[in-house]
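Whatever order the structure lists ligands and atoms in, that order sets their numbers, starting from 1.
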Amino acid sequence: MRSAPLGSALAASVLAGLLAAAASCAPPPAESDTFRARRHALVDAIAASGIRDSATLAAMRAVPRHAFVRRRDWPYAYEDRPLPIGEGQTISQPFVVAFMTEAVRARPAMKVLEVGTGSGYQAAVLAEIGCRVYTIEIIRSLADSARVRLERLGYRGVDVRHGDGYQGWPQVAPFDAIMLTAAPDSLPAALVEQLAPGGRIVAPIGAEGEVQSLVLVEKDAAGRTSTRHLLPVRFVPMRKGLR
Ligand code: SAH
């Protein structure tokens with residue numbers, strides 16, 4: 001901001017008052033307008049590539065993805081690609097977040113377990129839809145920062161826990177949906193057990209460094225599960241042992 005030389009404290013306080021009045025009716029900063037415009041363009045592109053679920057698309061229009069990445073990556077926050085979030089981990093590609101959120105048919109009041117909190121972005125998308133979210137992260141520093149970030153951004157109804165996702169969250173099971181955002185070699189049995197009848201799991205399955213298969217597991221009313229392949233994907237591995 002340019003500052004003009006002012007003769008007196010009175011002039012300074014009059015100017016401050018005028019500026020405050022102007023600020024109160026001024027539009028939000030240009031930067032956030034740019035973010036919003038880019039975010040809408042990204043979600044338009046995601047819709048054009050086949051995501052139809054209106055709850056998913058509306059949530060992704062609302063959640064400020066840039067707030068989940070490092071400041072130096074803000075220029076790329078609304079590009080359709082994963083980005084580093086520290087500790088060798090990544091925030092998923094937006095298209096994949098949309099695809100997985102649509103696949104579990106996330107709806108208001110659904111109880112959802114996420115394994116792999118990472119930045120907290122996927123959890124925020126689910127919370128924005130109105131889901132009750134339980135999310136587990138194995139790296140303590142990521143769990144702690146995601147918890148603070150979600151709180152600051154005003155997301156209620158998200159519990160972040162530092163723990164091992166292989167065990168699920170038996171105290172609050174069963175879940176209407178379970179999303180894995182790190183890839184195990186095979187689907188952990190505890191998670192299948194913690195899925196409610198009529199529920200869905202979406203998970204990348206496969207060995208580290210290989211192309212994994214994103215699968216959808218559906219549990220019917222009788223508790224029988226069926227699994228189908230949806231998409232080839234590449235996620236970070238689901239690891240064993242707390243850090
Ligand atoms: N959903 C995240 C991206 C997750 S990246 C987001 O929206 O930003 C995958 C995350 O899974 C990493 O943070 C990694 O530390 C975590 N992870 C890996 N193995 C895990 C395990 N066994 N239990 C819980 N979290 C795990």
Which pair of non-hydrogen atoms, one from G116 and one from T135, has the smallest distance, and what is that distance?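 Residues G116 and T135, closest heavy atoms: C-OG1, 4.5 Å.
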Least distance between heavy atoms, G168 atom then L113 atom: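 G168 and L113 have their closest heavy atoms at CA-CD2, 4.2 Å.
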Can you tell me the protein heavy atom closest to [atom] and the distance?
atom: atom 19 (N) of ligand 1; value: R239 N, 2.9 Å
atom: atom 8 (O) of ligand 1; value: S119 OG, 2.6 Å
atom: atom 16 (C) of ligand 1; value: E137 OE1, 3.4 Å
atom: atom 5 (S) of ligand 1; value: T90 O, 3.1 Å
atom: atom 7 (O) of ligand 1; value: Q122 N, 3.0 Å
atom: atom 23 (N) of ligand 1; value: G165 N, 2.8 Å
atom: atom 11 (O) of ligand 1; value: G116 CA, 3.1 Å
atom: atom 17 (N) of ligand 1; value: I138 CG2, 3.7 Å

With heavy-atom distances below 4.5 Å as the criterion, would you say the side chains of P108 and I129 are in contact? yes
Specify side chain, backbone, both or neither for E87, according to which of its non-hydrogen atoms lie closer than 4.0 Å to ligand 1. neither
Pick one of side chain, backbone, both or neither for how M238 approaches ligand 1, counting any non-hydrogen atom pair under 4.0 Å. both
Short list, please: which atoms of ligand 1 are under 4.0 Å from a heavy atom of [X]?
X: Y121; value: 7 (O)
X: G163; value: 23 (N), 24 (C)
X: I136; value: 24 (C), 25 (N)
X: A182; value: 11 (O), 18 (C)
X: P237; value: 18 (C)
X: L142; value: 13 (O)
X: V236; value: 5 (S), 9 (C)
X: Y166; value: 22 (N)

Is the shortest side-chain N to carboxylate O distance from D176 to R132 below 4.0 Å? no
Looking at D53 and R107, is there a salt bridge between them, counting it only when a charged N and a carboxylate O are closer than 4.0 Å?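 Looking at R107 and D53, the cut-off is met.
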4.0 Å heavy-atom contact, T117 with ligand 1: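 Yes, T117 has a heavy atom closer than 4.0 Å to ligand 1.
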Quick check on M179 - does any of its heavy atoms sit under 4.0 Å from an atom of ligand 1?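 Heavy atoms of M179 never come under 4.0 Å of ligand 1.
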Give a yes or no answer on whether the side chain of [X] reaches the backbone of [Y] with a donor-acceptor pair at less than 3.5 Å.
X: T181; Y: V115; value: yes
X: E137; Y: G118; value: yes
X: E102; Y: T56; value: no

Is there a donor-acceptor contact under 3.5 Å linking the side chains of E114 and Y134? no
Scan side-chain atoms only and decide if E87 and S141 contain a donor-acceptor pair under the 3.5 Å cut-off.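 Checked: E87/S141 side chains pair up, N/O donor to acceptor below 3.5 Å.
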Can an N or O of T181 be found at a distance shorter than 3.5 Å from an N or O of ligand 1? yes
Backbone or side-chain N or O of E114 under 3.5 Å from ligand 1 N or O: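 N/O-N/O distance below 3.5 Å exists for this pair.
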Could you tell me whether R105 atom CZ has more than 12 heavy atoms of other residues or ligands within 6.0 Å of it? no
Might you confirm whether atom CD of E208 has over 12 heavy atoms from other residues, nucleotides or ligands at distances under 6.0 Å?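 No, the 6.0 Å shell around CD holds no more than 12 heavy atoms from other groups.
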Before you tell me yes or no, could you show the steps for F35 and W74 under ring pair (Phe, Tyr, Trp, His ring centres under 6.0 Å), namely the whole-Å CA-CA distance, both residues' side-chain angles and the distance that decides it to 0.1 Å? CA-CA 9 Å; F35 280 141; W74 280 11; 5.6 Å; yes
